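Notes for the one structure printed next.
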Amino acid sequence: MTVGKQKVAVVGVALSDCGRVDDATPYALHAQAARRALADAGLDRSRIDGFASAGLGTLAPVEVADYLGLRPTWVDSTSVGGSTWEVMAAHAADAIGAGHANAVLLAYGSTARADVRAGRRTGTYAFGGRGPLQFEVPYGHTLIAKYAMAARRHMIEHGTTIEQLAGVAVQARANAALNPEAMFRTPLTVDEVLSGPVIADPFTKLHCCVRSDGGAAVLLAAEEYVRDCRTDPVWILGTGEHVSHASMTEWDDFTVTPAAVSGRLAFARAGVTPAEMDFAQIYDAFTYMTLVTLEDLGFCAKGEGGAYVEKGRLRVDGGDLPVNTDGGGLSAQHPGMRGLFLLVEAVRQLRGEAGTRQVRRRDGGLPRLGVASGTGGWFCSSGTVVLGRS
C-alpha cells in the first residue's frame, strides 16, 4: 500500500514455541517470537522505531517494549480482539507510509493453555459483565453461545447444514496434517466432528478452536529498508477495518459480519478482487467463522457459504481456494488473539517457505496474492489485509 511516498513490506515473520509450552511466560514468548522475526529479516533491533502489541500487561505495549529493550517513537495498543493484528498492520503501514516510522514490530504471546492447566486462570466463557454486556450476562449468554446463535441463524435463513460446518473442521485438520508445528494432525471425519460433546448448540467440541500457548511476531518496514533484509519482501497492498456492534442486541444481521466492509475496503485499496487470491487466512475460532467470512469477503454470495466449503475446496492439496493453510485455530494453535498468526502464515506462503503445505498456482508457481482477515469479539470487529509479492 502506498501512503504518502513509501511502499510498505513485511520483511520478517516468526512464531515462538507453540502448542504445549508449560515452562515459559507470555513475556518470554513475545521475546522469542520477536528475536526470531528480526533474525528472519536480518535487521538489527536498533533499526526498530515502532512497536505494536496488545493483550499483556497494564500498559501494553509499554511493558512489552520495555521487556524487549525497545524505545519506540511510534506505538499502537489497539485492542479489538482477534482482528487486532490486521488492524495494527494497517495502522503501521499508514505510519510507515507517512514517514512517522521506518520499521514497526508487531508482537504477541500468550500462555492461555498453560495458565488454565496450572490453575492460574479459568476458561474464558465470557468477556465480563460491564457496559452493554451487563444486559446479556444474566441470561447465561457465553462467548461460545454468541457464535452458536449466529451459526444457527445462518442455518435457518440459508439452509446451511451442520455437515457443511463440520466439513470446515475436517479440511482444517487436513491442512494441519501437512504442518509439523500444528497441535493436532490426525485426520478427522465429518461423523467424528458431529459425534463429539455439544459445547453450544449447534457446535460440538471439534467445531471450536483448540486452546494453546504461543506467540508470533511480524516486522513491517519502509521500502528503503528492503535492500538491507535477507528475505524477499511481501508487500502490503491494501487494508480495511470495521467495527459494527458491542452487544448481540445491536447486531443488525447475525449472518453478516464486519468483514463485509473491511474486505471490500482492502480489496478496493489494493486494486484487486477476491477471485485473484491464491489463498485466504481467516480467523477460525469456530467453523462458522470460516464459512461466513468467505461469504463476506466476496468469495461466494451470501447464503452460499455452505455449498462453497464442500468438496474439499479449502484444502491445500487440491482445493480451489486453500484456507488456513497451517491448520488454523481449529487444529494448529489458538493462544488467544490469533490474528497475527494469519499474517505469519500468509507471508510464509507468499515467500514459498511453507514446506509440504505450500500452496501452488495452477502453473506450478508460487502464490502471488493472498488475504488475511481477522475477526474480534463476537463478530464485533474485522481487519483485512491483502498481501502480494513482487
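A quick note: this is a predicted structure, and the numbers were derived from the prediction, not measured.
Side chains of Phe267 and Pro274 form a contact here, defined as non-hydrogen atoms less than 4.5 Å apart. In this structure the side chain of Arg313 never reaches within 4.5 angstrom of the side chain of Val323, judged on heavy atoms. A heavy-atom distance below 4.5 Å is found between the side chains of Leu43 and Cys229. By the 4.5 Å heavy-atom criterion applied to side chains, Lys302 and Val292 are counted as neighbours. Considering only heavy atoms from C-beta on, His154 comes within 4.5 Å of Glu295 through its side chain. Counting heavy atoms from C-beta outward, Val344 and Val218 have side chains that approach closer than 4.5 Å. Within the 4.5 Å cutoff, the side chain of Tyr308 has heavy atoms near those of the Leu294 side chain. With contacts defined as side-chain heavy-atom distances shorter than 4.5 Å, the pair Thr189/Val170 does not qualify.
Residues Ala346 and Leu387 come closest through the heavy atom pair CB-CD1, 4.1 Å. Taking all atoms of both residues into account, the shortest heavy-atom contact from Leu194 to Ala166 is CD2-CB, 3.9 Å. In this structure, Val309 and Gly306 approach most closely via the heavy-atom pair CG2-O, 3.3 Å. Here the closest non-hydrogen pair linking Ala33 and Ala217 is O-CB, 3.5 Å.
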List the steps and the verdict of side chain to side chain donor-acceptor pair (under 3.5 Å) for Glu86 and Ser83. CA-CA 6 Å; Glu86 283 70 32; Ser83 62; over 6 Å; no
Starting from the C-alpha separation in whole Å, work towards a yes-or-no answer on side-chain contact (heavy atoms from CB on, under 4.5 Å) for Leu330 and Val210. CA-CA 6 Å; Leu330 292 170; Val210 302; over 6 Å; no
Mind running ring pair (Phe, Tyr, Trp, His ring centres under 6.0 Å) on Phe379 and Trp251 for me, showing each step along the way? CA-CA 9 Å; Phe379 295 112; Trp251 189 0; 5.6 Å; yes
Using side-chain contact (heavy atoms from CB on, under 4.5 Å), reason through His242 and Thr384 one step at a time and then give a plain yes or no. CA-CA 9 Å; His242 182 54; Thr384 302; over 6 Å; no
Report the C-alpha distance between Thr111 and Val21 in whole Å, list the side-chain angles of each, state the deciding distance to 0.1 Å, and finish with yes or no for side-chain contact (heavy atoms from CB on, under 4.5 Å). CA-CA 7 Å; Thr111 51; Val21 187; 5.8 Å; no
Derivation and outcome, side-chain contact (heavy atoms from CB on, under 4.5 Å), residues Met183 and His334: CA-CA 10 Å; Met183 281 187 75; His334 197 301; over 6 Å; no
Verify side chain to side chain donor-acceptor pair (under 3.5 Å) between His158 and Glu304, making sure each step is shown before the conclusion. CA-CA 8 Å; His158 300 297; Glu304 296 180 3; over 6 Å; no
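With hydrogens and angles disregarded, no donor-acceptor distance shorter than 3.5 Å links the side chain of Glu63 to the backbone of Ala60. A donor-acceptor pair under 3.5 Å links the side-chain atoms of Gln164 to the main chain of Thr161, judged by distance alone. Counting only distance, with no hydrogens or angles, the side chain of Arg338 and the backbone of Pro335 share no donor-acceptor pair below 3.5 Å. Thr325 places no side-chain N or O within 3.5 Å of a backbone atom of Pro322 that could act as its donor or acceptor partner. Between the side chain of Glu157 and the backbone N or O of Thr255 there is no donor-acceptor pair closer than 3.5 Å. Between the His30 side chain and the Gly109 main chain, a donor and an acceptor come within less than 3.5 Å of each other. Here the side chain of Gln358 pairs a donor or acceptor atom with the backbone of Ala354 at under 3.5 angstrom. Counting only distance, with no hydrogens or angles, the side chain of Asn175 and the backbone of Val316 share a donor-acceptor pair below 3.5 Å. Checking side-chain atoms of Ser381 against main-chain N and O of Val243 turns up no donor-acceptor pair under 3.5 Å. Of the possible polar contacts, one joining the Arg45 side chain to the Leu68 backbone as a donor-acceptor pair under 3.5 Å is found.
Taking CG from Leu106 and CG from Leu220, the interatomic distance works out to 6.0 Å, rounded to the nearest 0.5 Å. A distance of 11.0 Å separates OG1 in Thr25 from CG in Asp213, rounded to the nearest 0.5 Å. Taken to the nearest 0.5 Å, the OG1 atom of Thr356 stands 5.0 Å off from the CG atom of Leu178. For the atom pair OG of Ser373 and CG of Asp284, the computed distance is 11.5 Å after rounding to the nearest 0.5 Å. Atoms CD and OG1, from Gln281 and Thr290 in turn, are 10.5 Å apart once rounded to the nearest 0.5 Å. A distance of 11.5 Å separates CE in Met149 from OH in Tyr288, rounded to the nearest 0.5 Å.
A centroid separation of less than 6.0 Å is found between the aromatic rings of Phe203 and Phe286. Ring centroids of Trp85 and Tyr108 are separated by less than 6.0 Å, placing the two rings close together.
Under the salt bridge (charged side-chain N to carboxylate O under 4.0 Å, His left out) criterion, Asp22 pairs with Arg113, not counting sequence neighbours.
At a threshold of 4.0 Å, the pair Arg357-Asp317 does not count as salt-bridged, since none of the basic side-chain nitrogens sits closer than that to a carboxylate oxygen. With respect to the salt-bridge test (charged N to carboxylate O, under 4.0 angstrom), the residues Arg36 and Asp17 qualify. Between Arg152 and Asp201, at least one side-chain N (NZ, or NE/NH1/NH2) sits under 4.0 Å from a carboxylate O, which counts as a salt bridge. In this structure, Arg264 does not pair ionically with Asp296, as no charged nitrogen and carboxylate oxygen lie closer than 4.0 Å. Using a 4.0 Å cut-off between charged side-chain N and carboxylate O, Arg71 and Asp66 make a salt bridge.
With respect to Asp278, the side-chain hydrogen bond (donor to acceptor under 3.5 Å, both in side chains) criterion is satisfied by exactly one of Gln349, Arg362, Arg361: Arg361. None of Thr293, Thr375, Val168 except one satisfies the side chain to side chain contact (heavy atoms under 4.5 Å, CB included) rule with Ile282; the exception is Thr293. Here the options are Arg351, Arg35, Arg348, the test is side-chain hydrogen bond (donor to acceptor under 3.5 Å, both in side chains), and the partner is Asp40; only Arg351 passes.
Counting heavy atoms of neighbouring residues, nucleotides and ligands inside a 6.0 Å radius, atom CZ of Arg360 exceeds 12 of them.
With 3.5 Å as the limit, one finds a donor-acceptor pair spanning the side chains of Thr273 and Glu276. No hydrogens or angles considered: a donor-acceptor pair under 3.5 Å links the side chains of His207 and Thr287. At a cut-off of 3.5 Å, with distance as the only test, a side-chain donor of Trp235 or Ser390 sits close to an acceptor on the other residue.
Both tests pass for Arg20 against the ring of Phe184: distance under 6.0 Å to the centre and angle within 45° of the axis.
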